[in-house]
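First the structure, in the form of C-alpha coordinates, and then the observations on it.
Here the structure is a predicted model, which is why all the values come from computation and not from measurement.
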Amino acid sequence: NFQHRFETVRNQAQTEFRKLKAAPGDSRVYQLKTPEQLVQRYRKMLSQCRRVAFLDFFPDVVELLRDDLASAARRGVKITLKVYAPVRIRGVEILVKAGGEKIVDKWPGQWANGVFDAEEYLLAFLSRDGRQVYQAVWSNNHFLSWIYYGGFVNEMMADALEEGLDRDLDREGLHKIIKKHTRMLRLEATGYKDAASFFIGPSNSRSGKRK
(Lines give C-alpha, C1' and ligand atoms only; values in the text may rest on other atoms or scores of the structure.)
Protein backbone atom coordinates (compact mmCIF):
# COMPACT_ATOMS: atom_id res chain seq x y z
CA ASN A 1 0.00 0.00 0.00
CA PHE A 2 0.96 3.63 -0.17
CA GLN A 3 2.22 3.85 3.40
CA HIS A 4 4.41 0.78 2.98
CA ARG A 5 5.95 2.17 -0.19
CA PHE A 6 6.66 5.49 1.51
CA GLU A 7 8.25 3.73 4.47
CA THR A 8 10.57 2.06 1.97
CA VAL A 9 11.32 5.46 0.47
CA ARG A 10 11.96 6.84 3.96
CA ASN A 11 14.53 4.15 4.71
CA GLN A 12 16.26 4.63 1.36
CA ALA A 13 16.28 8.38 1.89
CA GLN A 14 17.93 8.05 5.29
CA THR A 15 20.74 6.10 3.68
CA GLU A 16 21.18 8.59 0.87
CA PHE A 17 20.87 11.59 3.20
CA ARG A 18 24.10 10.64 4.94
CA LYS A 19 25.89 10.92 1.61
CA LEU A 20 24.70 14.42 0.79
CA LYS A 21 27.25 17.21 0.70
CA ALA A 22 26.57 20.93 0.56
CA ALA A 23 27.28 22.82 -2.66
CA PRO A 24 27.86 26.40 -1.47
CA GLY A 25 27.33 29.17 -3.98
CA ASP A 26 25.50 26.95 -6.46
CA SER A 27 22.48 28.94 -7.68
CA ARG A 28 21.43 26.60 -10.48
CA VAL A 29 18.00 24.96 -10.72
CA TYR A 30 18.00 21.16 -10.46
CA GLN A 31 15.37 18.65 -11.53
CA LEU A 32 14.71 15.77 -9.14
CA LYS A 33 13.75 12.48 -10.72
CA THR A 34 12.80 10.06 -7.96
CA PRO A 35 10.80 10.04 -4.71
CA GLU A 36 14.03 9.15 -2.89
CA GLN A 37 15.70 12.33 -4.14
CA LEU A 38 12.66 14.35 -3.12
CA VAL A 39 12.67 12.97 0.42
CA GLN A 40 16.43 13.41 0.72
CA ARG A 41 16.21 17.04 -0.24
CA TYR A 42 13.33 17.86 2.10
CA ARG A 43 15.09 16.15 4.99
CA LYS A 44 18.25 18.11 4.29
CA MET A 45 16.44 21.44 4.02
CA LEU A 46 14.48 20.86 7.22
CA SER A 47 17.62 19.84 9.10
CA GLN A 48 19.55 22.90 7.92
CA CYS A 49 16.78 25.52 8.08
CA ARG A 50 17.70 28.26 10.56
CA ARG A 51 14.73 30.60 10.84
CA VAL A 52 11.55 30.07 8.85
CA ALA A 53 9.92 27.59 6.48
CA PHE A 54 6.69 27.79 4.51
CA LEU A 55 5.29 24.52 3.20
CA ASP A 56 2.32 23.42 1.10
CA PHE A 57 1.81 19.64 1.41
CA PHE A 58 -0.84 17.13 0.42
CA PRO A 59 -1.80 14.74 3.28
CA ASP A 60 0.44 11.76 2.44
CA VAL A 61 3.50 14.00 2.19
CA VAL A 62 2.70 15.50 5.60
CA GLU A 63 2.73 12.04 7.15
CA LEU A 64 5.97 11.13 5.42
CA LEU A 65 7.82 14.18 6.80
CA ARG A 66 5.95 14.59 10.09
CA ASP A 67 8.93 13.68 12.29
CA ASP A 68 11.28 15.96 10.36
CA LEU A 69 8.86 18.87 10.69
CA ALA A 70 8.53 18.33 14.42
CA SER A 71 12.30 18.09 14.81
CA ALA A 72 12.89 21.38 12.98
CA ALA A 73 10.20 23.07 15.08
CA ARG A 74 11.89 21.87 18.28
CA ARG A 75 15.08 23.60 17.13
CA GLY A 76 13.16 26.88 17.00
CA VAL A 77 12.42 27.05 13.28
CA LYS A 78 9.15 28.87 12.63
CA ILE A 79 7.24 26.51 10.33
CA THR A 80 3.96 27.35 8.65
CA LEU A 81 2.35 24.36 6.94
CA LYS A 82 -0.59 24.65 4.56
CA VAL A 83 -2.54 21.37 4.50
CA TYR A 84 -5.68 19.92 2.92
CA ALA A 85 -6.90 17.84 5.85
CA PRO A 86 -6.71 18.58 9.59
CA VAL A 87 -3.45 17.54 11.26
CA ARG A 88 -1.51 18.44 14.40
CA ILE A 89 2.27 18.64 14.64
CA ARG A 90 3.76 20.09 17.81
CA GLY A 91 5.35 23.48 17.23
CA VAL A 92 4.12 23.81 13.63
CA GLU A 93 1.55 26.41 12.61
CA ILE A 94 -1.10 24.58 10.59
CA LEU A 95 -3.29 26.29 8.00
CA VAL A 96 -6.09 24.04 6.73
CA LYS A 97 -7.20 24.98 3.22
CA ALA A 98 -10.97 25.40 2.90
CA GLY A 99 -12.34 22.69 0.62
CA GLY A 100 -9.06 20.82 0.88
CA GLU A 101 -10.56 17.37 0.33
CA LYS A 102 -12.07 18.45 -2.98
CA ILE A 103 -8.72 19.86 -4.09
CA VAL A 104 -6.98 16.58 -3.24
CA ASP A 105 -9.61 14.58 -5.11
CA LYS A 106 -9.41 16.85 -8.14
CA TRP A 107 -5.67 16.53 -8.69
CA PRO A 108 -4.28 13.32 -10.26
CA GLY A 109 -1.41 13.27 -7.79
CA GLN A 110 -0.02 15.08 -4.78
CA TRP A 111 2.19 18.09 -4.37
CA ALA A 112 4.96 19.02 -1.95
CA ASN A 113 6.07 22.63 -2.18
CA GLY A 114 8.26 24.56 0.23
CA VAL A 115 10.64 27.46 0.74
CA PHE A 116 13.25 27.71 3.50
CA ASP A 117 14.74 30.92 4.93
CA ALA A 118 13.86 32.54 1.58
CA GLU A 119 17.11 30.98 0.40
CA GLU A 120 16.12 27.66 -1.17
CA TYR A 121 12.93 26.08 -2.45
CA LEU A 122 11.50 22.84 -3.80
CA LEU A 123 8.41 22.47 -5.99
CA ALA A 124 7.20 18.93 -6.59
CA PHE A 125 4.26 16.96 -7.95
CA LEU A 126 4.09 13.19 -7.47
CA SER A 127 1.77 10.40 -8.56
CA ARG A 128 -1.00 9.42 -6.16
CA ASP A 129 0.82 6.29 -5.05
CA GLY A 130 4.07 8.18 -4.50
CA ARG A 131 6.05 5.98 -6.88
CA GLN A 132 6.66 8.53 -9.62
CA VAL A 133 7.81 12.14 -9.67
CA TYR A 134 5.96 14.00 -12.40
CA GLN A 135 7.79 17.27 -11.79
CA ALA A 136 10.22 18.44 -9.13
CA VAL A 137 12.71 21.29 -9.12
CA TRP A 138 15.03 22.45 -6.36
CA SER A 139 17.34 25.45 -6.12
CA ASN A 140 19.18 27.51 -3.53
CA ASN A 141 19.12 30.48 -5.86
CA HIS A 142 18.35 33.23 -3.33
CA PHE A 143 16.72 35.54 -5.85
CA LEU A 144 14.21 32.93 -7.03
CA SER A 145 13.64 31.74 -3.47
CA TRP A 146 12.87 35.26 -2.26
CA ILE A 147 10.29 35.69 -5.01
CA TYR A 148 8.59 32.42 -4.08
CA TYR A 149 8.76 33.29 -0.39
CA GLY A 150 6.93 36.57 -1.00
CA GLY A 151 4.34 34.88 -3.19
CA PHE A 152 3.76 32.20 -0.56
CA VAL A 153 3.20 34.73 2.22
CA ASN A 154 0.81 36.80 0.12
CA GLU A 155 -1.16 33.70 -0.88
CA MET A 156 -1.54 32.77 2.78
CA MET A 157 -2.64 36.29 3.61
CA ALA A 158 -5.31 36.13 0.89
CA ASP A 159 -6.59 32.82 2.30
CA ALA A 160 -6.64 34.22 5.84
CA LEU A 161 -8.49 37.37 4.73
CA GLU A 162 -11.06 35.28 2.86
CA GLU A 163 -11.61 33.17 5.95
CA GLY A 164 -11.87 36.34 8.05
CA LEU A 165 -14.53 37.77 5.77
CA ASP A 166 -16.48 34.50 6.00
CA ARG A 167 -16.36 34.87 9.79
CA ASP A 168 -17.47 38.51 9.52
CA LEU A 169 -14.33 39.88 11.15
CA ASP A 170 -14.40 43.61 11.70
CA ARG A 171 -11.89 46.07 10.27
CA GLU A 172 -9.57 45.64 13.23
CA GLY A 173 -9.56 41.87 12.87
CA LEU A 174 -8.73 42.06 9.17
CA HIS A 175 -5.99 44.59 9.89
CA LYS A 176 -4.39 42.15 12.36
CA ILE A 177 -4.26 39.51 9.61
CA ILE A 178 -2.55 41.94 7.25
CA LYS A 179 -0.12 43.07 9.95
CA LYS A 180 0.80 39.48 10.83
CA HIS A 181 1.68 38.59 7.25
CA THR A 182 3.45 41.86 6.66
CA ARG A 183 5.77 40.97 9.53
CA MET A 184 6.62 37.77 7.70
CA LEU A 185 7.91 39.85 4.81
CA ARG A 186 10.29 41.97 6.88
CA LEU A 187 13.60 42.07 5.13
CA GLU A 188 15.72 41.22 8.13
CA ALA A 189 13.80 37.97 8.68
CA THR A 190 14.33 36.59 5.18
CA GLY A 191 16.89 36.08 2.47
CA TYR A 192 16.22 39.45 0.86
CA LYS A 193 19.75 40.75 1.36
CA ASP A 194 21.19 37.62 -0.18
CA ALA A 195 18.68 37.87 -3.02
CA ALA A 196 19.71 41.45 -3.67
CA SER A 197 23.39 40.58 -3.60
CA PHE A 198 22.71 38.04 -6.35
CA PHE A 199 22.66 41.04 -8.68
CA ILE A 200 24.14 44.09 -7.01
CA GLY A 201 26.78 42.68 -4.69
CA PRO A 202 26.81 42.24 -0.90
CA SER A 203 28.11 45.71 -0.06
CA ASN A 204 25.17 47.46 -1.73
CA SER A 205 22.56 44.92 -0.61
CA ARG A 206 23.44 45.51 3.04
CA SER A 207 22.29 49.09 2.68
CA GLY A 208 18.81 47.86 1.76
CA LYS A 209 18.78 49.99 -1.39
CA ARG A 210 17.45 48.70 -4.69
CA LYS A 211 18.78 49.58 -8.08
Side-chain angles (χ1 to χ4, degrees), residues 1-17 20 32-118 120-138 145 148-149 151-153 155-160 162-163 181 184:
N1 59 26
F2 180 91
Q3 186 61 36
H4 176 72
R5 285 192 292 272
F6 258 83
E7 286 299 326
T8 300
V9 170
R10 179 195 294 269
N11 293 333
Q12 292 172 338
Q14 288 175 340
T15 299
E16 294 299 323
F17 177 76
L20 292 175
L32 307 183
K33 299 289 189 178
T34 69
E36 291 84 0
Q37 290 175 336
L38 180 69
V39 174
Q40 292 164 24
R41 183 52 59 181
Y42 263 120
R43 288 188 185 282
K44 185 175 179 65
M45 290 190 294
L46 283 166
S47 70
Q48 294 184 343
C49 187
R50 304 184 306 277
R51 296 164 299 190
V52 58
F54 291 104
L55 305 163
D56 186 348
F57 285 174
F58 268 29
D60 290 325
V61 182
V62 174
E63 292 306 314
L64 176 65
L65 294 169
R66 174 189 285 270
D67 292 343
D68 303 276
L69 292 164
S71 178
R74 285 195 298 270
R75 289 191 294 106
V77 178
K78 179 176 174 55
I79 300 176
T80 301
L81 174 62
K82 183 177 180 180
V83 298
Y84 299 81
V87 66
R88 295 183 65 183
I89 302 176
R90 181 181 292 274
V92 176
E93 181 179 3
I94 303 294
L95 303 178
V96 182
K97 175 68 175 178
E101 292 183 1
K102 292 182 179 179
I103 295 175
V104 171
D105 290 340
K106 178 181 178 181
W107 281 80
Q110 51 188 315
W111 64 58
N113 303 323
V115 60
F116 298 80
D117 290 329
E120 60 179 330
Y121 68 91
L122 198 164
L123 308 178
F125 187 60
L126 300 90
S127 59
R128 282 188 180 273
D129 62 9
R131 289 182 171 180
Q132 182 178 357
V133 173
Y134 292 141
Q135 180 71 55
V137 292
W138 166 82
S145 299
Y148 182 48
Y149 176 91
F152 209 134
V153 173
E155 179 183 351
M156 290 192 302
M157 180 168 62
D159 287 343
E162 182 178 1
E163 181 183 355
H181 289 82
M184 295 179 183

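Asp117 places a side-chain N or O within 3.5 Å of a backbone atom of Arg51 that can act as its donor or acceptor partner. Of the possible polar contacts, none joining the Ser145 side chain to the Ala118 backbone as a donor-acceptor pair under 3.5 Å is found. When atom types are taken as modelled, the side chain of Gln135 and the backbone of Ala124 share no donor-acceptor pair closer than 3.5 angstrom.
Rounded to the nearest 0.5 Å, atoms CD (Gln40) and CD (Glu36) are 7.5 Å apart.
Taking Phe57 as the reference, Tyr42 meet the ring-ring contact (aromatic ring centres under 6.0 Å, His included) condition, with sequence neighbours excluded.
Ring centroids of Trp107 and Phe58 are separated by 6.0 Å or more, keeping the two rings apart.
Between Val39 and the options Leu64, Leu32, Asp68, a side-chain contact (heavy atoms from CB on, under 4.5 Å) holds for only Leu64. Of the options Ile79, Val115, Leu65, a side-chain contact (heavy atoms from CB on, under 4.5 Å) to Leu55 is made by Ile79 and by none of the others.
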All N/O donor-acceptor pairs, side-chain side in residues 85-106, below 3.5 Å, sequence neighbours left out:
residue : atom : partner : partner atom : Å
Glu93   : OE1  : Thr80   : OG1          : 3.4
Glu93   : OE2  : Lys180  : NZ           : 2.7
Lys97   : NZ   : Asp159  : OD1          : 3.2

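The heavy-atom pair separating Tyr84 from Asp56 by the smallest distance is OH-OD1, 2.7 Å. Residues Asn113 and Leu123 come closest through the heavy atom pair OD1-CA, 3.4 Å.
Side-chain contact between Trp138 and Met45: present, with at least one pair of heavy atoms (C-beta onward) separated by less than 4.5 Å.
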